[in-house]
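Structure, as structure tokens:
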Amino acid sequence: MREIQRIAIIGGNRIPFARSNTVYSNVSNQEMMTATLQGLADRFNLHNECMGEVAGGAVIKHSRDYNLVRESTLSTSLAPETPAFDLQQACGTGLEACILIGNKIALGQIENGIACGVDSTSDAPIAINEKLRRILLDINSAKSSRKRLSLLSKLRPSMFVKPVLPSNSESRTGLSMGEHAELMAREWQISREEQDQLALCSHQNLARAYEHGLFSDLMTAFNGCSRDNNLRDDLSMEKLRKLKPCFDKKVAPNQGTLTPGNSTTLTDGASAVLLANDNWAKEKNLPVLAYLTFSEVAAVDFYEKKEGLLMAPVYAVPRMLHRAGLKLQDFDYYEIHEAFAAQVLCTLKAWEDKDFCKNRLGLSRELGKINRLKLNVNGSSLATGHPFAATGARIVTTLAKVLAQKGSGRGLISICAAGGQGIVAIIER
Amino acid sequence: MKDSYLNFTNVGIGARLTSILGLPRPEILERYETEKPTITGAVLLGGGGKSELLEVLATLFESMRTQTLFHSQIPEWLKIANDSGLITGRWEAEGTHVQKVKALVFDATGLKESSESEALHRFFHDSAKSILPCGRVIVFGRTPEHCNQPRKAAMQAGLEGLIRSLAKEYKRGVAAQLVYVAEGAENQMESTLRFLLSPRSAYVSGQVIRIAKPKKVSRAPRDWSAPLSGKKILVTGSARGIGTAIAEVMARDGAKVICLDIPQAQSELEKLAAKLDGSALAVDLTGDDAPETLVSEARASGGWDVIVHNAGITRDKKMANMRADLWNSVIDVNLSAQERINDALLGGGAINKSGRIICVSSISGIAGNVGQANYAFSKAGVIGMVKSLAPSLARQGITINAVAPGFIETQMTASMPLGVREAGRRLNSMQQGGQPEDVAEAVAWFASSGSGGVTGNIIRVCGQSLLGA
Ligand SMILES: NC(=O)c1ccc[n+]([C@@H]2O[C@H](COP(=O)([O-])OP(=O)(O)OC[C@H]3O[C@@H](n4cnc5c(N)ncnc54)[C@H](O)[C@@H]3O)[C@@H](O)[C@H]2O)c1
């Protein structure tokens with residue numbers, strides 16, 4: 001086997017993220033993915049280039065989109081011989097795709113590749129009523145017309161008016177992710193004020209990043225949109241304080257702290273990142289922004305052992321730090337995906353908690369505090385919005401560019417995902 | 001005056017009837033509104049050969065905060081735009097929605113001979129159905145007279161036929177123009193680009209604009225939302241009609257307006273001056289002492305920045321019936337008085353540095369008109385005056401240009417017989433008459449300190465009238 005190759009991040013592309021049912025409401029996952037990949041090909045002149053592989057996915061997906069990434073690739077100016085595959089790991093999809101492509105590059109199986117992700121909650125598949133579905137399947141396989149007729153007579157109007165919409169609830173607990181996050185906020189005693197403050201910071205940081213032109217070469221305009229439309233320049237604590245809690249009814253009646261302001265909104269969007277080994281980058285004369293050096297995935301038992309649903313990154317990070325021989329404080333930037341402000345704050349609090357670090361994480365002492373000024377310096381999902389599978393590549397690309405601008409440094413990425421999972425990575429330059 | 005047909009065809013039953021009967025359906029044109037961006041909607045860019053203006057265009061679009069998309073024929077736009085801090089994107093990727101755009105901008109400066117004109121076909125063919133109502137088409141080329149290769153000159157001259165045809169085809173209030181940018185005048189494009197993309201140019205279509213390299217430094221206005229701020233502007237014949245609109249638009253854009261008209265119009269004049277926080281000057285321009293009066297008025301207020309020669313009269317008669325006094329009075333007001341006043345103001349140092357002289361001609365002066373031999377003579381003479389003065393004034397940093405209005409809804413046109421009036425209204429690509437403010441907006445563009453490269457231009461504000469085209 002060849003020597004392990006470094007995984008270079010060359011750059012990325014995304015379309016602006018848009019609140020669900022706004023500017024991309026009539027656009028499919030494949031269209032968003034195609035535009036994003038095409039933008040990447042345009043940016044790095046990859047026309048007719050046969051890439052090593054393209055990997056990505058969507059969390060909310062039509063069954064007809066089983067080959068989403070390959071189909072999207074075929075619609076771009078990339079060489080049609082470029083292989084592609086779909087994967088899915090809830091909100092971890094995008095980062096997991098980076099790791100998979102990265103690993104293939106590291107092992108010398110491919111020279112370069114693209115990791116991507118897309119999601120649309122505007123164009124979500126609607127499943128038909130389960131009883132209706134069974135009957136239709138039976139009709140399809142029925143041998144005689146008499147049998148078919150008798151099956152048809154079982155159809156009831158109510159079956160048609162009660163379609164099953166996809167929801168982001170956990171199938172085991174029946175609670176929505178927001179309700180789980182509300183439970184975590186209660187357990188860790190995260191105040192409403194702290195959550196709102198984090199949300200405000202996210203919007204302010206993102207607005208500043210736009211002002212400084214950070215995204216001009218990380219984004220391509222799409223469907224009339226050239227800026228994340230969830231971003232509110234005029235947001236204030238007063239405005240955030242006015243919002244009503246939205247996940248409290250079942251889990252914390254009248255004591256809720258999570259609001260639409262400090263929780264991510266349903267979002268449409270897509271993102272992609274170009275990875276390669278040093279050789280290929282050199283050959284193509286493409287500067288390397290940074291390197292993907294470590295990654296780790298963890299899961300928690302939120303059902304039997306009642307761990308917080310979104311606490312898995314808290315477990316993944318110390319394991320990765322141990323392998324890398326680093327302390328939590330050895331980073332210049334922290335990119336903690338803001339699924340909910342409460343998730344970020346619980347994560348930080350848990351790392352500062354001696355008991356938790358000893359008993360749950362099995363460490364000899366707490367991981368400690370981080371410098372909050374290094375956290376999500378260009379805003380995160382509360383401001384950009386969170387098209388589930390597209391968040392990973394957004395974070396990887398933005399962090400890589402920030403490290404390149406700084407010249408050298410190290411960044412930590414942490415993303416929580418449904419099913420009690422967490423995926424984390426280190427990027428260095 | 002109200003165009004009731006325009007209103008009728010755009011609402012309810014009228015709209016349905018006009019479409020069933022196949023009657024012309026004029027678009028309600030978008031007009032300038034304060035606080036609105038220069039252009040509402042994306043600009044699609046194209047180009048051929050080695051396009052020479054893309055870098056400049058990128059910085060301009062960045063400063064205008066305009067969203068751009070590029071046709072796949074110019075993939076180089078992505079990097080150029082990104083380097084200027086613009087977020088841009090490919091217009092149409094396979095299998096994605098075709099996005100409607102508000103403007104098509106094509107940089108043709110890189111096309112060296114007609115065999116390369118295919119790039120034009122590709123761009124305009126692909127995008128023809130994607131332009132929104134009241135959209136804009138702008139083609140940038142190199143001044144044919146300055147091309148030393150005959151083939152390049154021919155290629156560049158061909159653009160004129162192209163845009164004139166597109167202006168006729170696109171309908172729905174879409175306006176198309178050609179802008180020839182001389183080598184070295186690339187940094188003079190902003191005022192023109194802003195004017196042409198914005199609703200300010202609603203009734204200007206099928207025009208060719210030449211931007212030259214100014215002989216003296218020419219600075220863009222500091223604030224594009226008040227581009228004439230601090231300017232002192234004389235508007236003649238401003239007691240009514242187009243003159244009033246010019247005075248109003250100038251004041252809106254920040255200028256101090258000196259409103260001039262005949263002594264009989266004093267009271268209207270004073271009302272207008274008060275409303276615009278300007279001053280009134282009641283002077284008959286044909287009077288012997290008029291030139292001197294204007295010079296001393298100008299010098300008393302520290303010189304004027306812009307002179308707008310708008311005052312004009314008609315005395316229509318077929319030649320067989322035209323008396324000498326009808327001939328003479330029209331020539332005197334419309335042409336000779338302007339010449340005397342220009343000479344006096346220029347000679348008397350009454351026009352400031354980066355001064356602007358703007359004349360109001362007419363499409364009658366270009367096309368001629370039955371019963372208007374006197375008027376057409378005077379208005380054609382104005383065009384000659386503008387063209388001949390431009391080079392010498394350029395050396396002093398002063399520009400001189402003319403607008404040539406077509407059918408404009410004023411008291412003058414309201415008094416026309418119905419048949420003539422309806423024909424005048426519909427016989428143009430916009431299928432309607434223009435508003436006085438449309439002329440005023442063009443005047444304001446010439447007046448801008450950013451228009452230092454625009455001189456010797458005759459721009460028709462006529463909705464691409466069929467007359468004289
Ligand atoms: N209305 C159109 O459709 C149209 C078309 C083409 C050109 N134009 C030109 O536009 C200009 C303005 O036209 P309008 O329709 O507003 O005309 P208008 O008759 O409504 O206004 C002209 C103004 O000029 C003033 N004026 C005339 N002689 C003057 C003098 N000797 N000294 C001072 N002021 C004098 C008049 O008092 C009047 O207020 C004219 O030059 C006209 O030829 C108009």
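In what follows, chains are A, B, ... by sequence order, proteins preceding strands, each numbered from 1.
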Side chain, backbone, both or neither: which part of B:Leu69 has a non-hydrogen atom closer than 4.5 Å to chain A?
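Looking at B:Leu69, just its side chain touches chain A.
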Row check, A:Phe215 ring normal vs A:Arg227 NZ/CZ: under 6.0 Å, within 45°:
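The answer is no, since A:Arg227 fails at least one limit relative to A:Phe215.
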Could B:Arg200 and B:Tyr32 be counted as a cation-pi pair, given that NZ or CZ must be under 6.0 Å from the ring centre and within 45° of the axis?
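Yes, cation above the ring, under 6.0 Å and within 45°.
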Sort out for me which of B:Ile87, B:Val101, B:Val98 touches chain A most, counting heavy-atom pairs under 4.5 Å.
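Going by pairs under 4.5 Å, I would pick B:Ile87.
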Determine the option with the most heavy-atom pairs under 4.5 angstrom with chain A, choosing from B:Gln67, B:Lys79, B:Glu62.
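Between B:Gln67, B:Lys79, B:Glu62, the count favours B:Gln67.
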Is chain B contacted by the side chain of A:His47, its backbone, both, or neither, given a heavy-atom distance below 4.5 Å?
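Just the side chain, heavy atoms under 4.5 Å.
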Given a strict heavy-atom distance threshold of 4.5 Å, which part of A:Leu74 is in contact with chain B: side chain, backbone, both, or neither?
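Looking at A:Leu74, just its backbone touches chain B.
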Can you confirm whether or not the ring centre of B:Phe123 sits under 6.0 Å from the ring centre of B:His125?
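So the answer is no for these two rings.
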Quick one: which of A:Gly224, A:Ser28, A:Ser216 has the most heavy-atom pairs under 4.5 Å with chain B, could you say?
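Option with the greatest count: A:Ser216.
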Charged N to carboxylate O below 4.0 Å: is that the case for B:Glu190 and B:Arg194?
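The answer is yes: the pair qualifies as a salt bridge.
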If the threshold is 4.0 Å, N to carboxylate O, is there a salt bridge linking B:Lys50 and B:Glu116?
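The answer is no: the pair does not qualify as a salt bridge.
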